[in-house]
Number of protein chains: 2
Amino acid sequence: MAQDEYLHALKILRNHKVRLTPQRKTILNYLVNHHTHPSVEMIYDDLKQHNDSISIATVYNTIRLLLDYHLVIELKNGDGSTHYDYFGQPHYHVVCDNCGKITDVFTDEFTDLSTSLDEITRQQTHYLVTRNDIEVHGLCPECQAKFGLLAQAEK
Amino acid sequence: MAQDEYLHALKILRNHKVRLTPQRKTILNYLVNHHTHPSVEMIYDDLKQHNDSISIATVYNTIRLLLDYHLVIELKNGDGSTHYDYFGQPHYHVVCDNCGKITDVFTDEFTDLSTSLDEITRQQTHYLVTRNDIEVHGLCPECQAKFGLLAQAEK
DNA sequence: TTATCTGCAAACCTTTTGCATAGAT
DNA sequence: ATCTATGCAAAAGGTTTGCAGATAA
């Protein structure tokens, strides 16, 4: 499953004649398997810990490469830090404005909604639409509980 | 019109007991009247040129303040720079991935779409949704023309 | 009056760069 | 063999901070 994603992404890169270095493979593999929305630093620290030969500059370079091929997307939560997410299946993100947690939402309804959005945009702006980034903000259930707001959320 | 927006925003801040310094008013007014998605630096340079007493730190502080009250939203185009937009009327943004231009889209259909998105999110994640940020990416008409893609876009 | 904001400049932190070496194709 | 990526460390760039003086309420 995740392995399929990884192979799929590798193939895309190969098709574009991108040189597949061990570092690039490692980072890609890391992102495919960690849906924790890591920052560059987290990726770097984790990989270094596992004795992988890697430098922070390479992580930055590779992330940018993956962004270029839309294999990864960039996310910012409220506190200003930048996070990354492997973007295999179409989904969008929900950010908790209290704890900063980012959650993926995969749902069929999203596909329709996404299509409508692209339609509307094309009609209104005459842009040639290639993709969209959707981010919903709010309070996660845990933080609602902290604030004693759960009843309100259920209604 | 823009003046109404400005007064509306001022009232919100006043209601929250935010101290209304000349610098804050100037920056707010600037944002209400410049839908050019300026960066902090642009705002600072423009205001300084008009002989306004202001420092870059104050621009940063005020922007953060306005973000907190959701009077302004933060945007990133492809090239990594950070831009801001006064967010009076609900709208979303379309970013040209070639030239970096950011365009506002105001449309009634967006309201419905936005509502559906919030619905879906609440059902799927049990978040207490407060807002959403939507960004569509593609090629603007001008850049399509540059690449001789206009015919394709019209179809 | 008094708590808060401003301006300045230094500090900070994330990201980028330049260059010599290593390595993928 | 060749062209591109890596790693390092230094530089850059953007953002934040600490503090003394100013000021909104």
Side-chain angles (χ1 to χ4, degrees), chain A residues 9-30 37-69 71-84 100, chain B residues 9-30 37-69 71-84 100:
Chain A
L10 271 190
K11 185 191 270 179
I12 290 174
L13 293 175
R14 220 182 315 254
N15 287 347
H16 285 272
K17 311 244 182 289
V18 170
R19 194 168 288 190
L20 295 173
T21 66
Q23 290 84 349
R24 286 176 174 180
K25 287 185 190 172
T26 302
I27 293 166
L28 176 59
N29 195 55
Y30 180 91
H37 311 97
S39 64
V40 164
E41 206 183 349
M42 290 171 195
I43 299 170
Y44 175 64
D45 288 349
D46 271 17
L47 295 180
K48 209 174 46 180
Q49 221 164 36
H50 292 62
N51 298 319
D52 289 297
S53 148
I54 206 144
S55 80
I56 191 96
T58 299
V59 178
Y60 276 106
N61 286 338
T62 302
I63 289 285
R64 185 188 299 177
L65 180 86
L66 297 176
L67 283 172
D68 286 347
Y69 289 102
L71 292 170
V72 154
I73 66 170
E74 196 174 72
L75 302 167
K76 301 200 71 175
N77 62 6
D79 56 35
S81 53
T82 309
H83 302 258
Y84 299 92
Chain B
L10 271 191
K11 184 191 272 180
I12 289 174
L13 294 175
R14 220 183 315 253
N15 287 346
H16 285 272
K17 310 244 183 288
V18 170
R19 191 170 291 189
L20 295 173
T21 66
Q23 290 83 349
R24 286 177 173 179
K25 287 185 189 171
T26 303
I27 293 167
L28 176 60
N29 195 54
Y30 180 92
H37 310 99
S39 63
V40 164
E41 207 184 348
M42 290 172 197
I43 299 170
Y44 175 63
D45 289 348
D46 271 16
L47 294 181
K48 209 175 45 181
Q49 223 163 35
H50 292 62
N51 298 319
D52 289 295
S53 148
I54 205 142
S55 81
I56 190 95
T58 299
V59 178
Y60 276 106
N61 286 338
T62 302
I63 288 286
R64 185 186 298 176
L65 179 86
L66 297 175
L67 283 172
D68 286 347
Y69 290 101
L71 291 171
V72 154
I73 67 169
E74 195 174 72
L75 301 166
K76 300 200 67 172
N77 62 5
D79 55 36
S81 53
T82 309
H83 302 258
Y84 299 91

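Letters A, B, ... mirror the listed sequences (proteins, then strands); counts begin at 1. Everything numeric here is computed off the predicted structure, so don't read it as measured data. These numbers come from the heavy atoms of this one structure, side chains and all, not from hydrogens, waters or symmetry mates.
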Inset, instruction - Give a yes or no answer on whether the side chain of A:His83 reaches the backbone of A:Lys76 with a donor-acceptor pair at less than 3.5 Å. - result: no

Inset, instruction - Indicate yes or no: at least one non-hydrogen side-chain atom of B:Pro38 is less than 4.5 angstrom from one of B:Tyr30. - result: yes

Legend entry - From CG (A:Asn61) to CG (A:Leu65), nearest 0.5 Å: 8.5 Å

Inset, instruction - Let me know the distance between CG of B:Leu65 and C1' of D:dT16, rounded to the nearest Å. - result: 16 Å

Inset, instruction - Among D:dA5, D:dG14, D:dG7, find the nucleotide with the atom closest to the side chain of A:Arg24. - result: D:dA5

Legend entry - Pairwise distance NZ(B:Lys48) to OG(B:Ser55) - rounded to 0.5 angstrom: 10.5 Å

Inset, instruction - Please check the phosphate of D:dG14 (OP1 and OP2 only) for any side-chain N or O of B:Ser81 closer than 4.0 Å. - result: no

Legend entry - Distance in angstrom units between A:Leu13 CG and D:dT4 P, rounded: 17 Å

Inset, instruction - Find the distance A:Glu74:CD to C:dT15:C1' and express it as a whole number of Å. - result: 11 Å

Inset, instruction - Note the angle between the end axes of the helix from C:dT1-D:dA25 to C:dT25-D:dA1, five pairs defining each, rounded to 10 degrees. - result: 60°

Inset, instruction - Measure the distance from CD1 on A:Ile27 to C1' on D:dA5 and round it to the nearest whole Å. - result: 11 Å

Inset, instruction - Please report the shortest heavy-atom distance between A:Ile27 and A:Val59, naming the atom on each side. - result: CD1-CA, 3.8 Å

At a cut-off of 3.5 Å, list every protein nitrogen or oxygen paired with a nitrogen or oxygen from nucleotides 17-20 of chain C, distance to 0.1 Å.
none

Under 3.5 Å between N/O atoms: give me all the protein pairs with nucleotides 19-25 of chain D, atom names plus distance.
{"unit_1": "D:dA25", "atom_1": "OP1", "unit_2": "B:Leu20", "atom_2": "N", "d": "3.1"}

Legend entry - Pairing residues for B:Asp68 by the side-chain hydrogen bond (donor to acceptor under 3.5 Å, both in side chains) criterion, not counting sequence neighbours: none

Inset, instruction - Please report, rounded to the nearest Å, how far the C1' atom of C:dT16 is from the CD1 atom of A:Ile63. - result: 15 Å

Inset, instruction - Starting from the C-alpha separation in whole Å, work towards a yes-or-no answer on side-chain contact (heavy atoms from CB on, under 4.5 Å) for A:Leu75 and A:Tyr84. - result: CA-CA 6 Å; A:Leu75 302 167; A:Tyr84 299 92; over 6 Å; no

Inset, instruction - Would you please confirm or rule out a distance under 4.0 Å between OP1 or OP2 of C:dG7 and any side-chain N or O of B:Ser53? - result: yes

Inset, instruction - Search all heavy atoms of A:Ile63 against all heavy atoms of A:Val40 and return the closest pair with its distance. - result: CG1-CG2, 4.4 Å

Enumerate, atom names and distances included, each donor-acceptor pair closer than 3.5 Å involving a side-chain atom of residues 16-24 of chain B, sequence neighbours excluded.
{"unit_1": "B:Thr21", "atom_1": "OG1", "unit_2": "B:Arg24", "atom_2": "N", "d": "3.2"}
{"unit_1": "B:Arg24", "atom_1": "NH1", "unit_2": "B:Arg19", "atom_2": "O", "d": "2.8"}

Inset, instruction - Report the distance from atom OH of A:Tyr44 to atom P of C:dT16, rounded to the nearest whole Å. - result: 16 Å

Legend entry - Minimum heavy-atom distance B:Leu28-B:Ala9, with the two atoms named: CD2-CB, 3.8 Å

Inset, instruction - May I have the distance from A:Leu10 (atom CG) to C:dA24 (atom P), rounded to whole angstrom? - result: 14 Å

Inset, instruction - Could you tell me the separation between the CD1 atom of B:Ile54 and the C1' atom of C:dC5, rounded to a whole number of Å? - result: 12 Å

Inset, instruction - Check the pair B:Leu13, B:Tyr69 against side-chain contact (heavy atoms from CB on, under 4.5 Å), reporting the backbone distance first and the verdict last. - result: CA-CA 8 Å; B:Leu13 294 175; B:Tyr69 290 101; 3.7 Å; yes

Legend entry - Residue A:Tyr60, side-chain heavy atoms: nucleotide from C:dT16, D:dC8, D:dG14 that is nearest: C:dT16

Inset, instruction - List for me each residue that meets side-chain hydrogen bond (donor to acceptor under 3.5 Å, both in side chains) alongside B:Glu41, sequence neighbours excluded, and say none if there are none. - result: none

